[in-house]
S.K.: 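Below are the structure tokens for one structure; questions will follow.
All of these numbers come straight from a predicted model, not from anything done at the bench.
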Amino acid sequence: MRNRLNVWLHATLMAVVVMSLGGCAASWQQVSTKRPFKGPSRAYVVNLPDQWKRAPTDDTDHLVLTREGLYLQQIRLLRYPLKQAFPVVEQSRSMTPEAWADLLPEELADWQYKQLKAGVNPAMVVRKEELKGILAAFQPQDAKPSDATTAQIRMDPAVLDGRPVFELETRSFNTWGLEYRTLTYGFVHEKAWWLLQYSAPSLLYFERDLPTFEAFKSSLKIKESCFLFCSD
């Protein structure tokens with residue numbers, strides 16, 4: 001029985017690999033590792049991983065990275081206005097910046113977990129390119145982890161660039177039964193909600209690319225936003 005399950009999971013993973021072959025369309029950009037990457041508002045600086053690709057995110061501070069396709073691994077750094085951070089948490093919509101500053105990391109982790117289960121995974125999107133050619137044989141919505149299956153593995157206090165944050169580890173499954181693991185870190189900075197996330201299938205990819213994510217996380221520096229006459 002176990003052997004049959006392993007065969008099924010490996011076959012499922014191969015289907016995800018096939019989907020990811022076209023998951024990084026021509027509009028994706030090969031990252032440069034010659035110098036640290038700065039967000040459009042200069043609110044962060046980070047070293048991008050070699051041989052990874054960056055999704056086009058217009059002029060926002062969102063940063064979405066993958067090596068072989070979003071269904072196989074992704075790192076994302078996301079920024080939201082505080083009032084848009086937790087749509088499912090009614091209390092958050094009317095809070096003042098001072099009230100946000102008083103929230104403990106574990107309280108924010110609980111809100112983020114509720115939001116994950118409600119269906120917030122903005123990087124796992126389906127692009128038109130994923131519905132063409134060989135990818136048409138598979139349904140992208142089947143490969144995407146289902147938000148409803150999200151379950152918490154652990155929540156621990158952590159430190160990110162010297163600031164206290166939470167480290168939330170969750171698991172979820174797609175309709176083929178393939179398990180995904182996600183690490184989420186969240187914090188408030190300059191009246192905005194910031195999320196750092198790493199997600200990949202538990203089978204092979206999560207552990208394989210985890211050191212790359214850890215190096216990315218260690219290099220991340222959060223700064224004050226700057227749009228004109230910036231010193232760096």
Side-chain angles (χ1 to χ4, degrees), residues 31-50 52 54-55 57 59-66 73-86 89 91-92 95-116 120-123 152-170 181-200 206-207 209-232:
V31 304
S32 172
T33 58
K34 294 181 179 180
R35 61 181 64 87
F37 178 81
K38 301 174 184 177
S41 72
R42 305 296 178 94
Y44 66 87
V45 177
V46 66
N47 295 331
L48 301 183
D50 189 29
W52 283 51
R54 180 167 66 92
T57 52
D59 294 326
T60 71
D61 274 318
H62 290 349
L63 177 63
V64 180
L65 302 166
T66 185
Q73 74 282 105
Q74 57 178 284
I75 296 172
R76 51 193 180 267
L77 181 62
L78 310 171
R79 179 184 187 178
Y80 299 101
L82 289 178
K83 291 186 178 181
Q84 300 176 17
F86 303 104
V89 181
Q91 176 187 348
S92 68
M95 289 177 55
T96 64
E98 292 74 20
W100 278 96
D102 291 337
L103 287 174
L104 298 175
E106 51 264 36
E107 294 177 287
L108 293 169
D110 181 60
W111 287 7
Q112 184 59 47
Y113 178 59
K114 291 178 181 177
Q115 196 62 52
L116 288 174
V120 173
N121 200 351
Q152 180 173 319
I153 298 176
R154 63 180 177 85
M155 194 287 289
D156 296 314
V159 176
L160 185 64
D161 188 28
R163 68 185 67 235
V165 299
F166 63 81
E167 181 181 64
L168 175 64
E169 183 175 0
T170 56
R181 286 168 63 191
T182 300
L183 292 175
T184 301
Y185 304 79
F187 57 94
V188 176
H189 174 59
E190 292 190 326
K191 300 181 180 180
W193 176 241
W194 289 77
L195 275 181
L196 172 62
Q197 293 182 305
Y198 165 62
S199 183
F206 184 87
E207 293 296 340
D209 294 315
L210 183 59
T212 298
F213 169 69
E214 292 292 346
F216 175 95
K217 177 165 65 75
S218 296
S219 74
L220 179 63
K221 303 299 179 184
I222 307 300
K223 307 176 68 177
E224 293 183 5
S225 298
C226 178
F227 297 94
L228 294 173
F229 307 111
C230 303
S231 60
D232 56 0

S.K.: Find out whether T182 and Y198 are in side-chain contact, i.e. whether some heavy atom of one side chain is under 4.5 Å from a heavy atom of the other.
M.R.: no

S.K.: Quick one, T184 and L116 - any side-chain contact, counting heavy atoms below 4.5 Å?
M.R.: yes

S.K.: Heavy-atom distance under 4.5 Å between the side chains of M155 and E167, does that happen here?
M.R.: no

S.K.: Could you point out which residue of V64, L183, L78 forms a side chain to side chain contact (heavy atoms under 4.5 Å, CB included) with Q197?
M.R.: L78

S.K.: Sub-3.5 Å donor-acceptor pair from the side chain of Q84 to the main-chain atoms of P81, do we have one?
M.R.: no

S.K.: How far does CD of Q112 sit from OG1 of T170, to the nearest 0.5 angstrom?
M.R.: 9.0 Å

S.K.: Looking only at heavy atoms, which two atoms of P36 and V45 are closest? And how far apart?
M.R.: CB-CG1, 3.4 Å

S.K.: Among all residues two or more places apart in sequence or in another chain, which pass the side chain to side chain contact (heavy atoms under 4.5 Å, CB included) test with D110?
M.R.: K114

S.K.: Would you compute the distance between atom CZ of F213 and atom CZ of F206 and round it to the nearest 0.5 angstrom?
M.R.: 8.5 Å

S.K.: Quick one: pull up NZ in K38 and OH in Y44 and give me the separation to the nearest 0.5 Å.
M.R.: 12.5 Å

S.K.: Please determine which of Q74, Q73, R76 meets the side-chain hydrogen bond (donor to acceptor under 3.5 Å, both in side chains) test together with T66.
M.R.: Q73

S.K.: Are Y80 and W194 close enough that some pair of their side-chain heavy atoms sits under 4.5 Å apart?
M.R.: no

S.K.: Evaluate the criterion salt bridge (charged side-chain N to carboxylate O under 4.0 Å, His left out) for residue pair E224 and R42; output intermediate values, then yes/no.
M.R.: CA-CA 7 Å; E224 293 183 5; R42 305 296 178 94; over 6 Å; no

S.K.: State, to 0.1 Å, how close A192 and L82 come at their nearest heavy-atom pair, and which atoms those are.
M.R.: C-CD2, 3.6 Å

S.K.: Taking the side chain as every heavy atom from C-beta outward, state whether L108 and W100 have any pair of such atoms under 4.5 Å apart.
M.R.: yes

S.K.: With a 4.5 Å cut-off on side-chain heavy atoms, are L65 and P49 touching?
M.R.: yes

S.K.: In Å, rounded to the nearest 0.5 Å, how long is the span from CG of D50 to OG of S32?
M.R.: 9.5 Å

S.K.: Quick one about Q152 and Y113 (side-chain donor to acceptor, distance below 3.5 Å, no hydrogens or angles considered), yes or no?
M.R.: no

S.K.: Out of L63, I75, L77, which one pairs with V46 under the side chain to side chain contact (heavy atoms under 4.5 Å, CB included) rule?
M.R.: L63

S.K.: Any heavy-atom pair between the side chains of W193 and F86 that's under 4.5 Å?
M.R.: yes

S.K.: Tell me if a side-chain donor or acceptor on H189 pairs with a main-chain N or O of K223 at a distance below 3.5 Å.
M.R.: yes

S.K.: Quick check: do I222 and L160 have side-chain heavy atoms less than 4.5 Å from each other?
M.R.: no

S.K.: Check whether more than 12 heavy atoms from other residues, nucleotides or ligands sit under 6.0 Å from atom CZ of R154, and answer yes or no.
M.R.: yes

S.K.: Give me the atom names and distance for the closest heavy-atom approach of Q91 to M95.
M.R.: O-CG, 3.2 Å

S.K.: Show, in sequence, the C-alpha distance, side-chain angles and deciding distance for E190 and R79, and conclude whether the side chain to side chain contact (heavy atoms under 4.5 Å, CB included) test is met.
M.R.: CA-CA 10 Å; E190 292 190 326; R79 179 184 187 178; 3.8 Å; yes

S.K.: Which heavy-atom pair separates F216 from N47 by the least distance, and what is that distance?
M.R.: CD1-O, 3.6 Å

S.K.: Checking W111 against L103 for the side chain to side chain contact (heavy atoms under 4.5 Å, CB included) test, could you report, in this order, the C-alpha distance in whole Å, the side-chain angles of both residues, the deciding distance, and whether it holds?
M.R.: CA-CA 11 Å; W111 287 7; L103 287 174; 3.7 Å; yes

S.K.: Between L220 and L196, what is the shortest heavy-atom contact and its length?
M.R.: CD2-CD2, 4.3 Å

S.K.: Give a yes or no on whether the backbone of A215 and the side-chain of S218 come within a donor-acceptor separation of less than 3.5 Å.
M.R.: no

